[in-house]
Amino acid sequence: MKTGKLVVLGSINADHILNLTHFPQPGETVIGKQYQVAFGGKGANQAVAAGRSGANIAFIAGVGEDDIGARIREQLSRDQIDVSAVETVADETTGVALIFVNGDAENMIGINAGANAAITPDVLARHRQKIIDASALLMQLESPLETVIAAAQLAHQHQTRVILNPAPACDLPDELLALVDMITPNETEAQRLTGVTVQNEQDAARAAQLLHNKGITTVLITLGSRGVWLSENGQGQRIPGFQVQAVDTIAAGDTFNGALVTALLEHQPMQTAVKFAHAAAAIAVTRAGAQSSVPWRNEIDAFLH
Ligand code: ADP
């Protein structure tokens with residue numbers, strides 16, 4: 001019997017963010033202006049968005065055997081997430097993103113997958129009951145692809161809805177796409193998967209059709225401040241987002257995904273669920289940072305009223 005639970009399978013990273021006037025050239029040292037460590041990773045961001053927006057959520061992920069991993073695990077727990085399947089991986093470091101941000105707000109990012117790469121299909125198998133019991137499984141592409149495929153297969157066999165946020169942009173086997181019930185690419189990711197450059201609604205409709213042809217029932221292409229293109233049952237439409245004063249759009253898509261799935265698990269109709277997710281993401285873009293910008297349920301409800 002399905003109980004409305006959500007499982008997120010994905011990445012955890014510690015983001016080390018250094019603001020500097022200009023990027024260093026090879027061999028150059030540049031003194032930074034500001035440095036901070038923030039908790040990130042697309043999986044963790046989406047899990048936090050789901051937890052804060054009210055989902056009954058368990059997270060399958062990995063942290064290293066280090067102080068930051070322990071701190072991140074505690075924080076995820078405070079964000080209303082069941083962390084019993086967040087593994088502490090022996091002899092590994094927590095995933096890191098090393099981010100330089102220059103004076104023009106451009107960034108350069110290097111990532112070490114660390115413990116994220118250790119979440120193999122064998123590790124996943126230890127947590128299979130969580131996927132079997134859940135109503136929905138939400139994944140991104142910062143975990144090993146074979147683990148994403150194994151999780152999709154298991155979910156599909158047990159009538160757990162498979163939702164894939166195909167980020168970061170990456171080529172995907174048809175074998176995986178055929179197991180996906182709902183996909184939520186942004187414009188760049190939609191282009192990577194379909195070859196269609198998404199610049200207007202016609203392009204979005206064409207890209208969505210190509211994804212339907214792979215066996216995916218619901219396609220939602222996020223269009224930044226213009227909202228989303230929703231395509232299901234042969235019908236496509238744009239659902240606009242909310243106009244807000246954006247501070248930074250970091251984790252906008254992650255907040256959207258976490259909140260959307262929460263609303264769908266509450267049996268909200270698709271259009272209402274998309275509006276709920278737009279509200280959550282709109283709040284997030286008015287605030288700086290990734291997980292620090294993700295709103296709680298009472299804030300989303302207040303925004304919508
Ligand atoms: P990603 O962050 O994955 O690139 P998008 O940029 O498409 O994803 O944004 C995802 C969602 O975040 C949008 O559908 C919308 O709800 C919200 N959003 C993004 N940018 C803005 C903005 N400038 N103003 C309001 N909402 C935004």
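Bear in mind that the values here come from a model prediction, so they are computed numbers and not experimental data. Whatever order the structure lists them in is the order used to number ligands and atoms, beginning at 1.
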Self-check item: Donor on one side chain, acceptor on other, Gln209 and Arg206, under 3.5 Å
Solution: no

Quiz item: Judging by distance only, is a nitrogen or oxygen of His278 under 3.5 angstrom from one on ligand 1?
Solution: yes

Quiz item: Which ligand 1 atoms does Val228 reach within 4.0 Å, using its non-hydrogen atoms?
Solution: 14 (O)

Quiz prompt | Arg238 CZ: over 12 foreign heavy atoms closer than 6.0 Å | solution = yes

Practice problem: Indicate yes or no: does Asp171 engage Arg192 in a salt bridge with an N to O separation below 4.0 Å. | Solution: yes

Exercise. Would you check whether Gly253 reaches within less than 4.0 Å of ligand 1, judged by its heavy atoms?
Key: yes

Quiz item: Does the pair Arg52/Glu299 count as a salt bridge with the N-to-O cut at 4.0 Å?
Solution: no

Exercise. Decide salt bridge (Lys or Arg N to Asp or Glu O under 4.0 Å) for Arg71 and Asp67; before the verdict, give the C-alpha distance in whole Å, the side-chain angles of both, and the deciding distance to 0.1 Å.
Key: CA-CA 6 Å; Arg71 277 167 47 209; Asp67 287 349; over 6 Å; no

Practice problem: Considering only non-hydrogen protein atoms, determine which one is nearest to atom 26 (N) of ligand 1 and report residue, atom name and distance to 0.1 Å. | Solution: Phe242 O, 4.0 Å

Quiz item: Any idea which part of Val244 is under 4.0 Å from ligand 1, heavy-atom wise: side chain, backbone, both or neither?
Solution: side chain

Quiz item: Which of the numbered atoms in ligand 1 are below 4.0 angstrom from a heavy atom of Phe256?
Solution: 16 (O)

Quiz prompt | Distance-only N or O hit between ligand 1 and Asn186, under 3.5 Å | solution = yes

Practice problem: Any atoms of ligand 1 less than 4.0 Å from a non-hydrogen atom of Thr222? List them with their elements. | Solution: 5 (P), 7 (O), 8 (O), 10 (C), 14 (O)

Quiz item: Do the charged groups of Lys130 and Asp82 touch, with an N to O distance under 4.0 Å?
Solution: yes

Practice problem: Do me a favour and list the nearest non-hydrogen protein atom to atom 15 (C) of ligand 1 with residue, atom name and distance? | Solution: Gly224 O, 3.5 Å

Quiz prompt | Electrostatic pair Arg297-Glu266, nearest N-O below 4.0 angstrom | solution = yes

Quiz item: What residue and atom, counting heavy atoms only, is the protein's closest point to atom 14 (O) of ligand 1, and at what distance?
Solution: Gly227 O, 3.1 Å

Quiz item: So, Thr217 and Asp181: side-chain donor and acceptor under 3.5 Å apart, yes or no?
Solution: no

Practice problem: Can you pull out the closest protein heavy atom to atom 23 (N) of ligand 1? Residue, atom name and distance to 0.1 Å, please. | Solution: Ser225 CB, 3.5 Å

Quiz prompt | Main-chain N/O of Val83 paired with Arg73 side-chain donor or acceptor, under 3.5 Å | solution = yes

Exercise. For Leu223, take its heavy atoms, then give the atoms of ligand 1 lying under 4.0 Å from any of them.
Key: 7 (O)

Quiz prompt | Atoms in ligand 1 flagged as close to Ala281, the criterion being non-hydrogen separation under 4.0 Å | solution = 12 (O), 16 (O), 17 (C)

